[in-house]
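The structure appears right after this line, and notes come after that.
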Amino acid sequence: MAEPDQVQAIEKYDVQATEKKWQDHWDSAGTYQVENDDPRPPFYVLCMYPYPSGPAHQGHVRNYTFGDLIVRHRTMRGHAVLTPMGFDSFGLPAENAAIKSGSHPRPFTDARIEELKASIRRLGSMYDWRREIHSHDPEFMRWNQYIFLRFLEAGLAYRATAPVNWCPGCHTVLANEQVLADGTCERSGDIVEKRDLEQWFFKITDYADELLADLDGLDWPERVKTMQRNWIGRSEGAEFELRVSGGADNVDSQGADTSISVFTTRPDTSFGMTFVVLAPEHPLVPSLVTDQTRTDVDAFIERVRKETEIERQSTEGAIEKRGIFTGSYAINPFNDQPVPIYLADYVLMTYGTGAIMAVPGEDQRDWDFAKAYDLPIVRTVQPPADFDGEAFTGDGPAINSEWLDGLHMAEAKAKAIDWIEAQAIGVRKVNYRLRDWLLSRQRYWGCPIPVIYCATDGIVGVPDDELPVLLPDDVEFRPTGESPLNFHEGFRNTTCPKCGQPALRETDTMDTFVDSSWYFLRFCDPRDGQEPVNHDAARHWMPVDQYIGGIEHAILHLMYARFYTKAMGDLGLSPKEIREPFKRLFTQGMIRMGGTKMSKSKGNLVAPAQYFDTVGADALRLFHLFVGPPADDMDWSEQTDEVIEGCGRFLQRLWRLAVPESEVPRAGDAAVVGELERATHRLVDRVSGEYERWSYNTAVAAVMEFTNLLYKQGATEEAIDTMLLLMAPMAPHVTAELWERRRGGHIHEEAWPVADPELARLQSVTMVVQVNGKVRDRIEVDPGIDEAEAERLALASDKVAEQLAGADPTKVIARPPRLVNIVA
RNA sequence: GCCCGGAUGGUGGAACCGGUAGACACGGAGGCCUCAAAAGCCUCUGCUCGAAAGGGCGUGAGGGUUCAAGUCCCUCUCCGGGCACCA
């Protein structure tokens, strides 16, 4: 019960009401809406658009807290900040849910989007919602298909046979993610087979070199760039032909006139080739098998074909079982010696030529194979004297190599390639690990691939004026997961746009990574009805100045988006000069719980809603900023709730300090006021720097420290106001409310404070005095003192005299104003 | 196997350029306020010896460079991630 004649109690901070008030205000005032002709310098901040799986989880909260902080900070620094948001709304989970519940993926997806949007709003994270895009918007689908057709015309999209994951139980192709680690289907449990099927591909390999080279200019985490470099996997070497021998011991071979093409990165070691190995699927195999070997070879090939990808990729199996002799020989062109031709499951048809020259002296796999099959080993690089390994892969002078002898690796490679080219048996060659992007999916809930198959005209693109090809709604989802488009006669049957005869529509849909490969370009002018990307708008905003998302997208999404940006530029679909989509990338760490990633499928989500309803969005945001470096993984532990509550307590403490009727003592003493002014300017310096280098955890620590200082020695209005400005991007609601009460107006429309360097300078610093590297005294000194003065002050210390015990120092290292070390 | 990260109090973390190790917070202990509690405020809190003053030890392990090492170099252990027969 309040005592009426007591001093009026400070109004308590009403978290829920205040957060709602400001979220409504920012929305209705359009604080974070921005026009394309805004005169302020442009800055594009983008969080990876999310897959709508329901209300936000902590990973979203973390992502959008960082993103929103940058948006608000940059705005206060005078930029026109583009901050769009959308939803990656196609994909399997919605379709699987539809199969389960009998509903349609669209209403299901739309409901999940509304849930996610509501929690993003509740976080107080601000976007220009006028620019919202969903992957399944008909307009977005239209331009998605339009781009596909331009890629098709340019030969960047093509159809080819590829081995895919086929589930015999479900009668459908599975995405790699649907195949479990043991090689079975996630739904039916059947063993997934590799089947050769006609699929759509994007020719990303055309851009391999540019994708590799342009990584150097990106301000991205080094480890993401490394992952992309490894994924592209550029290897330089040579490709050359080996004649198949028709020698006397090879009379029944039919391959006497054929030759085998091999790729090698070590042409310098060619004199050491003692056998050749082909992939079991190699097309030349039938012509190399002899009557004596046929039975065994066929059995071997049959066994390999039945192996799952997992078994085949395993290094566990005994090497003796992994290969077989064909019965034929090839001629090593370097020394004209015949070498036996083997098949082995570890040679992949999908890389290089599907055939290798084996050099056991300089390749460990070849060494192991040679040992197992009793094949000769010839060293062609001299290992160092102390080398006691098997194959030697390092550099050294060539030996046993005739005209290459004595040359080191680089020279020998060049000379060997020159020789190969002079002999007209091969060429210098670059190979990539990167494969073309298989984009077709035999599923319903994706963007239809806009082509028609005509008996007369073949593959025909859907005319632009008939776009978008939409998904029919009157479909029945089968429990097997087979796409209902296959059974929808109205969708499937159409007429050829060229000849008008009956034709069949493509029923495959696009990989959802296609949608996310250009959405950031569309955001620049998302309602443009003339073209997928408005060039002027893209020139104004692109590239994205700060892209933020999870490390799990380090390779696929970020590689595909880079490819799309380059390809669209080259085809005139977006400005050609925009070669890279994301200038700066930040990858936040994962949130783990009990050692594993926090995720819906693991069932270990801690919903943000419970914190919104108690401590509020500001406290949860502050927690995510404070808990540790943004790039690091964080563990959600039993202690986490207490830390979040601590952040809430800190905001209440801030409220009591800053709310106008506050009873906190004001600094009265002139010296204290002066010192506070300087401390304030130092805080501005410190926090501004920490914002720049993503050190948000220490930025929060700095304002906590400053609050403690204001409680201890009294506050000034200027100190409080400045701290509120610095905190406005971190805890937007409470700072907005306090600012309005203290000053009127809107804190997020204020300019970012700038420190006066003169005032920010320290007046005195603690100089450490060491004797033999151990701290013995601390002296307050002027920051401007010179070496001589520092040394004089240090030597005058009683503690030092005590340590020296009358002896003369042998050396004095003075690093004013911080440290003097006296060496006795 | 190869390529990246990482290891600091009871806990999350700080220390940006080689110069006071442990900022800030959580937890814990004690105190004030209160009839009491909650909330709030204040003090202490790396380990260790000591009543104290003060000393010793201390950043995964071992070596090295340096006046000085959490930070640089070498070797190793453990943990996390990526690629995994790429010729």
| request: Could you give the distance separating B:A69 and B:C74 at their C1' atoms, to the nearest angstrom? | output: 15 Å

| With A:Glu789 via side-chain hydrogen bond (donor to acceptor under 3.5 Å, both in side chains) - residues at least two apart | A:Arg792

| request: Would you confirm whether A:Asp363, through its side chain, and A:Ala391, through its main-chain N or O, come within 3.5 Å as a donor-acceptor pair? | output: no

| request: Determine which pairs satisfy side-chain hydrogen bond (donor to acceptor under 3.5 Å, both in side chains) with at least one residue from residues 764-775 of chain A, sequence neighbours left out, and list them in order. | output: A:Ser764-A:Glu780, A:Thr766-A:Glu780

| request: Please state the P separation for the pair B:U59 and B:G54 - nearest whole angstrom. | output: 24 Å

| message | For the C1' atoms, the ones on B:G58 and on B:U8, what distance do you get once it is rounded to whole angstrom? | response | 10 Å

| task | Rounded to whole angstrom, note down the C1' distance from B:U43 over to B:G82. | result | 49 Å

| request: Only counting residues at least two apart or in another chain, list the ones meeting salt bridge (Lys or Arg N to Asp or Glu O under 4.0 Å) with A:Asp777. | output: A:Lys799

So which protein N/O to nucleotides 25-30 of chain B N/O distances come out below 3.5 Å?
unit_1, atom_1, unit_2, atom_2, d
B:A25, OP1, A:Asn708, ND2, 3.2
B:C26, OP1, A:Arg649, NH2, 2.9
B:C26, O2', A:Glu642, OE1, 3.4
B:C26, O2, A:Gln639, NE2, 3.2

Give me, pair by pair, the N or O atoms of the protein and of nucleotides 63-70 of chain B that are less than 3.5 Å apart, along with how far apart they are.
unit_1, atom_1, unit_2, atom_2, d
B:C67, O2', A:Asn821, ND2, 3.3
B:C67, O2, A:Asn821, ND2, 2.7

| request: Report yes if a side-chain nitrogen or oxygen of A:Thr350 is closer than 4.0 Å to either non-bridging phosphate oxygen (OP1 or OP2) of B:C86; otherwise report no. | output: no

Side-chain polar contacts of residues 815-824 of chain A - donor-acceptor pairs under 3.5 angstrom, sequence neighbours left out - could you list them?
unit_1, atom_1, unit_2, atom_2, d
A:Asn821, OD1, A:Gly773, N, 3.0

| field | Separation of the P atoms in B:A23 and B:A15, to the nearest angstrom | value | 12 Å

Would you tabulate the nitrogen or oxygen pairs shorter than 3.5 Å linking the protein to nucleotides 54-57 of chain B?
unit_1, atom_1, unit_2, atom_2, d
B:C57, OP2, A:Lys774, NZ, 3.3

| task | Please determine, for the side chain of A:Arg433, which listed nucleotide (B:A14, B:A84, B:A87) has the closest atom? | result | B:A84

| message | On RNA chain B, compare the nucleotides closest to A:Thr226 and A:Thr265; which residue's is nearer the 5' end? | response | A:Thr226

| Interatomic distance at P, B:G70 relative to B:C57, whole Å | 13 Å

| Using purine N1 to pyrimidine N3 plus N6-O4 or O6-N4 for Watson-Crick, or N1-O2 and O6-N3 for G-U wobble, each under 3.5 Å, what pairs with B:A61? | B:U75

| query | Does A:Arg435 CZ have over 12 foreign heavy atoms under 6.0 Å away? | reply | yes

| query | Which residue pairs pass the side-chain hydrogen bond (donor to acceptor under 3.5 Å, both in side chains) test with at least one member in residues 698-709 of chain A, sequence neighbours excluded? | reply | A:Arg653-A:Asn708, A:Arg686-A:Glu705, A:Glu690-A:Thr698, A:Ser695-A:Thr698

| request: Would you classify A:Arg223 as touching base, sugar-phosphate or nothing, given that sugar-phosphate means primed atoms plus P, OP1 and OP2, and contacts are heavy atoms under 4.0 Å? | output: sugar-phosphate

| said: Just checking A:Arg223: does its CZ atom have more than 12 heavy atoms from other residues, nucleotides or ligands closer to it than 6.0 angstrom? | reply: no

| Nucleotide paired to B:A53 in any strand shown, Watson-Crick or G-U, under 3.5 Å | none

Compile the donor-acceptor pairs under 3.5 Å between side chains in residues 347-358 of chain A and protein atoms, sequence neighbours left out, one pair per line.
unit_1, atom_1, unit_2, atom_2, d
A:Tyr351, OH, A:Ser235, OG, 3.3
A:Thr353, OG1, A:Ser261, O, 2.6
A:Thr353, OG1, A:Ala355, N, 3.4
A:Thr353, OG1, A:Ala355, O, 3.2

| field | Chi class for B:G28: syn within 90° of 0, otherwise anti | value | anti

| query | Whole-Å distance between B:U8 C1' and A:Asn697 CG? | reply | 15 Å

| said: If I pick the C1' atom on B:A68 and the same atom on B:G1, what distance separates them, to the nearest angstrom? | reply: 40 Å

| task | Not counting sequence neighbours, which residues clear salt bridge (Lys or Arg N to Asp or Glu O under 4.0 Å) with A:Asp216? List them please. | result | A:Arg229

| Which label fits B:C33, syn or anti, where anti is any glycosidic angle not within 90° of 0? | anti

| remark: Testing B:C41, B:A87, B:A21 for proximity to the side chain of A:Val775, the answer is B:A21

| What residues, two or more places apart in sequence or in another chain, satisfy salt bridge (Lys or Arg N to Asp or Glu O under 4.0 Å) together with A:Asp782? | none

| said: Keeping A:Lys225 on the side-chain end and A:Trp220 on the backbone end, is there a donor-acceptor pair under 3.5 Å? | reply: no

| C1' spacing across the pair B:G80 / B:C67, given as an integer number of angstrom | 38 Å

| salt bridge (Lys or Arg N to Asp or Glu O under 4.0 Å): which pairs involve residues 624-634 of chain A, sequence neighbours left out? | A:Arg592-A:Asp633

